[in-house]
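Just so it is clear: chains get the letters A, B, ... in the order the sequence lines come, proteins before strands, and each one is counted from 1. Since the structure is predicted, the reported quantities are computational estimates derived from the model, not experimental observations.
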There are 2 protein chains.
Amino acid sequence: MEGSGRESGNALLFLTDEQLRKGIEAMFFAYRGFTADPDRILADMAYGRAHHRAVHFIHRSPGTTVNNLLAILGVTKQSLNRVLRALVEDGLVRSEVGKRDKRERHLYLTEAGEALERQLSDAQRDRMRAAYRAAGPEAVTGFRQVLEAMMDDEMRKRYDALKDLKG
Amino acid sequence: MEGSGRESGNALLFLTDEQLRKGIEAMFFAYRGFTADPDRILADMAYGRAHHRAVHFIHRSPGTTVNNLLAILGVTKQSLNRVLRALVEDGLVRSEVGKRDKRERHLYLTEAGEALERQLSDAQRDRMRAAYRAAGPEAVTGFRQVLEAMMDDEMRKRYDALKDLKG
DNA sequence: ATAATACGTCAGCTTTGTTGACATTCCAAG
DNA sequence: CTTGGAATGTCAACAAAGCTGACGTATTAT
């Protein structure tokens, strides 16, 4: 992007259907690896991937509202509510009535919730770290660039909104 | 891997939890974008993502057996069978009894099946192509390197097995 | 002959998504 | 103060796509 113009020239040459298909298949198999470790951990409990996502984003943005979470995850409130209810009942998530706007519920992880989050994200980060190390720092930059370019506009908004919080 | 040792030195400096989390979130949102276009197309029909995967890999490896497909997709035969039955009934997939081993069923896409595959993969390739172009050729290399390093050993076997077919 | 393999199928269960309908609570505008 | 709309929660019903277990059948291998 801010690099030389040299690479833009022959970039198109590499975009054969064969190359693209490999990218598609790599994405498919890699995503399985990406979720494999948390899935294994969650399989022992009564939780699934949906719980993992909720826990992740509540940890990421403590005090986020249900509506916020809905927008990020892109599911219906009924679907999220089922997951959230289980997490609250099991004492992993705390739901606080908003002070400014009492209609809103602000979500926080409890100690137990943070512990689960740590367990799950440790596993996922370990794999990501290993992949990053194996591929090297320049690959990491490229990896992120392609992923960000691959998002829907909707998704990119959500991703960027998260970035603004802390990153 | 076969590159310089220079980059390995400062690689570790970049592996903060913050960086890793961004990678995790990028993966999450990008995968949604990755599947969004086919999902939209399939929503109009009575098909889902499972049908897409079956169609993709039958197109990719014409004449593949049910067991082969099972191993690649990583699902149970009951689950795959439901999908496959629908595709055969709808005339998108042809199932041929094996000549050497008559227990095996070899799977092929019909004309209609190929047409659907083209429609789906065109959409997905378009997005992948756009992402590749936006990110540049060096990013593409990095993207693939990280993805391949992120796969489970099991997944990588399946991915490599596919690569050997044509790529 | 017998065992193992490949495939199909029936039945039942789980997770995670969907719609639609409806109640409650609360803010804000009239 | 009343009322309309927004945010949330809940109930019911359903679908997609995964799972296990059991069973049958044809075919191949031992």
Take the protein atom CG of B:D101 and the nucleotide atom C1' of D:dA29, then report the distance between them rounded to whole Å. 10 Å
B:L70 CG to C:dT5 P, in whole Å, measures 15 Å
Between C:dG17 (P) and B:L42 (CG): distance, integer Å: 18 Å
Would you call A:R32 and B:E154 a salt bridge, taking side-chain N to carboxylate O under 4.0 Å as the test? no
Given atom NE2 of B:H106 and atom P of C:dA6, what is their separation to the nearest angstrom? 12 Å
Less than 4.0 Å between a side-chain N and a carboxylate O, is that true for B:E96 and B:R94? yes
Sugar-phosphate atoms are those with a prime plus P, OP1 and OP2; base atoms are the rest. Using that split, label each nucleotide of nucleotides 10-20 of chain D B, S or - for protein heavy atoms under 4.0 Å, 5' to 3'. BB-----BBSB
Not counting sequence neighbours, which residues clear ring pair (Phe, Tyr, Trp, His ring centres under 6.0 Å) with B:Y31? List them please. A:Y31, B:F34
Of B:R103 and A:K99, whose closest DNA chain C nucleotide lies nearer the 5' terminus? B:R103
Sorted by position of nearest nucleotide on DNA chain D, 5' first, the leading residue of A:N67 and B:G98 is A:N67
Between C:dT15 atom P and A:D44 atom CG, what is the distance in whole Å? 13 Å
In this structure, how many angstroms lie between the P atom of C:dT25 and the CD atom of A:E96, rounded? 19 Å
Integer-rounded Å distance: C:dC7 P and B:L69 CG: 10 Å
Please determine whether a side-chain nitrogen of the Lys or Arg among B:D39 and B:R49 lies less than 4.0 Å from a carboxylate oxygen of the Asp or Glu. yes
I'd like to check the side chain to side chain contact (heavy atoms under 4.5 Å, CB included) partners of A:A123; sequence neighbours left out, ordered by chain and number. A:D37, A:I41
Between B:K157 and B:D152 (salt bridge meaning N to carboxylate O under 4.0 Å), is one present in this structure? no
Please check the phosphate of C:dA6 (OP1 and OP2 only) for any side-chain N or O of B:R105 closer than 4.0 Å. no
